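Report on the following structure.
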Amino acid sequence: MSDILDLTAKQAADAVATGDLDPKDLYEAYRAASAADDLNAYVWVADAAPADGDASGELGGVPLAVKDLFCTEGAPSQAGSKILEDYRPPYTATVVRKLAQAGAPLLGKTNQDEFAMGSSNENSAYGPVLNPWDRTRVPGGSSGGSAAAVAAGYAPWALGTDTGGSIRQPAALCGIVGLKPTYGTVSRYGMIAFASSLDQAGPLTRDVTDSALLYRHMVGRDGRDSTSLEHPEEIVLPSATRLDGITLGVPAELSGEGVEDGVMARFEETLKLAESLGATIRRVPLPHADYGLSAYYVIAPAEASSNLARFDGVRYGARVDADDLLSMYTRTRHDGFGPEVKRRIMLGTYALSSGYYDAYYGRAQRVRTKIAEDFDNAFADVDFVVTPTSPSVAFELGAKTDDPLAMYLNDYFTVPMPLAGIPAISIPNGLSEDLPTGFQLAGPAFSENRIFEAAYALEQAIGFDGSKGRVAA
Ligand code: GLN
């Protein structure tokens, strides 16, 4: 069994295609490993492979762990919230359905921060997730369960969502690969919404090849999501070993201040490595990136306050009965939402309220435009903008729960890209104090193929060993 779990998703799919591996054995090996999860990475694991699974697709029957906020027909879809406890939707998210059709059957639903609000997975109503590299530490968030499940070897790959960093930051903290695609390339239909102009689904995988393989089957315009669009290129599996002719831009504002020494040291080593592969490194100005966090923490809560208005106890989810309708609404929301979600709803409602709308929301939107322009200007000079993914390695459970601002600072390097709608990947970048660090590459809209190539070349050169995080037996 354990050698099955050592295969990457691509290797497993290849073994199925050549007849060397029975997809039923593959599914059962992962199902058994996931059922023995002792990291709280899952909130639900399937009893058996779905009957309609088709291992003849390119994804070869390689099972998929899915973040709790994707609607999955007949399986719990709770978005980490008590207000959706045991909610089983009558339909399946487009991207989950597409992947099942391509041969990646649902393995389980993974834990997450409530409604994807958080950077540590400690905001889940279903308890925190432990980091498989060190169980006293967080896996990152909000896709913490997906990242931990893949890093631990419970799942060959997983789906997450990224609004301000929720795929890339947990991927970095767990030593795996996470891609936040170009906004719109993956349908949001059936994804329980946090901030609709930012939310984007993407893959969490052991390596860059698996990321490209999964993403290849996620893209496509969907008539049920008016913001979705066709990716202009077919996604191909990467093979580059050199970076000749590629220019990497390091934000001129990145001084290392606020970044842990070990994280900065690994980042600088990888820049040298990139040079040895033929890349040119240049400083690029991103003068408005510093305002990304402030703009994000106005825009995302504003959209959340509107999206979360639908959870009122009337149509689905939890209800706390009361004598009159208004009390029913308020009691349901009082009991159903956790403290971080309430904080965001209040922040967002305030930012959108009459008299403040322009001072907060309007201004944040203008900053957003400036950040997008900064990236446009940067990509006139460089192919990719590169940063550490997260300023720190995985922190101790509880270390930042009492200080929302300290928690928000984690997202410093990851919020500018969703604000600009552009793609970015995090790849494992060696260890600091025995914990994984991440290297982030961001490119222009629709540059995923080029991002995969560059990330693949770096991945081969870095030679990260993820086996220490793998705890599945
Ligand atoms: N950590 C950020 C937040 O709390 C990002 C979350 C996300 O990308 N879903 O909002």
Side-chain angles (χ1 to χ4, degrees), residues 66-70 79-81 110-124 128-129 138-147 158-174 178-181 183 186 188 191-204 292-305 307-308 337-348 351 364 368 389-392 394-395 399-401 403-426 438 440 442:
V66 172
K67 190 177 183 178
D68 196 26
L69 60 64
F70 289 91
S81 183
T110 53
N111 203 342
Q112 60 164 94
D113 284 301
E114 185 175 5
F115 289 108
M117 298 173 190
S119 308
S120 69
N121 217 112
E122 293 165 295
N123 296 335
S124 168
V129 177
V138 305
S142 64
S143 311
S146 288
L159 278 188
T161 59
D162 192 311
T163 304
S166 280
I167 291 175
R168 292 161 288 154
Q169 184 257 17
L173 271 42
C174 289
L179 171 77
K180 193 228 62 102
Y183 181 79
V186 180
R188 287 183 296 109
M191 245 169 69
I192 298 168
F194 166 13
S196 305
S197 76
L198 299 158
D199 294 347
Q200 181 64 50
L204 291 120
L293 270 184
S294 324
Y296 173 85
Y297 277 99
V298 171
I299 294 169
E303 294 186 22
S305 71
N307 273 325
L308 270 52
F337 290 138
E340 182 62 24
V341 173
K342 286 178 183 156
R343 180 178 298 121
R344 305 276 180 119
I345 292 174
M346 287 189 282
L347 275 171
R368 185 174 187 177
T389 308
S390 165
S392 74
F395 41 92
K400 302 190 182 183
T401 35
D403 187 351
L405 277 180
M407 191 70 91
Y408 298 169
L409 282 174
N410 259 287
D411 307 328
Y412 182 82
F413 292 120
T414 50
V415 296
M417 297 80 185
L419 287 170
I422 60 173
I425 201 168
S426 176
Q440 173 173 241

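Whatever order the structure lists them in is the order used to number ligands and atoms, beginning at 1. Everything numeric in this text was worked out from a predicted model, so none of it was measured.
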Glu114 side-chain N/O to Val341 backbone N/O, donor-acceptor pair under 3.5 Å
no

For Ala116, does its backbone N or O pair with a side-chain atom of Asp113 as donor and acceptor, under 3.5 Å?
no

Results of side-chain hydrogen bond (donor to acceptor under 3.5 Å, both in side chains) for Ser142 - residues two or more places apart only:
Lys67, Ser166

With rounding to the nearest 0.5 angstrom, report the OG to CG distance, Ser146 to Leu159.
7.0 Å

Identify all pairs of nitrogen or oxygen atoms, one from ligand 1 and one from the protein, separated by less than 3.5 Å, and list them with distances.
residue: ligand 1; atom: 1 (N); partner: Gly118; partner atom: O; Å: 3.0
residue: ligand 1; atom: 1 (N); partner: Ser119; partner atom: OG; Å: 2.8
residue: ligand 1; atom: 1 (N); partner: Asp411; partner atom: OD1; Å: 3.3
residue: ligand 1; atom: 1 (N); partner: Asp411; partner atom: OD2; Å: 2.9
residue: ligand 1; atom: 4 (O); partner: Gly118; partner atom: N; Å: 2.9
residue: ligand 1; atom: 4 (O); partner: Tyr297; partner atom: OH; Å: 3.3
residue: ligand 1; atom: 4 (O); partner: Arg344; partner atom: NH2; Å: 2.8
residue: ligand 1; atom: 8 (O); partner: Thr163; partner atom: N; Å: 2.8
residue: ligand 1; atom: 8 (O); partner: Gly164; partner atom: N; Å: 2.6
residue: ligand 1; atom: 8 (O); partner: Gly165; partner atom: N; Å: 3.2
residue: ligand 1; atom: 8 (O); partner: Ser166; partner atom: N; Å: 3.0
residue: ligand 1; atom: 8 (O); partner: Ser166; partner atom: OG; Å: 2.7
residue: ligand 1; atom: 9 (N); partner: Ala116; partner atom: O; Å: 2.8
residue: ligand 1; atom: 9 (N); partner: Thr163; partner atom: OG1; Å: 3.4
residue: ligand 1; atom: 9 (N); partner: Ser166; partner atom: OG; Å: 2.7
residue: ligand 1; atom: 10 (O); partner: Tyr296; partner atom: OH; Å: 2.7
residue: ligand 1; atom: 10 (O); partner: Arg344; partner atom: NH1; Å: 2.9

Of Asn307, Thr161, Thr163, which is the lone residue that meets side-chain hydrogen bond (donor to acceptor under 3.5 Å, both in side chains) with Asp199?
Thr163

Correct closest heavy-atom pair for Ser392 and Leu173 would be O-CD1, 3.7 Å

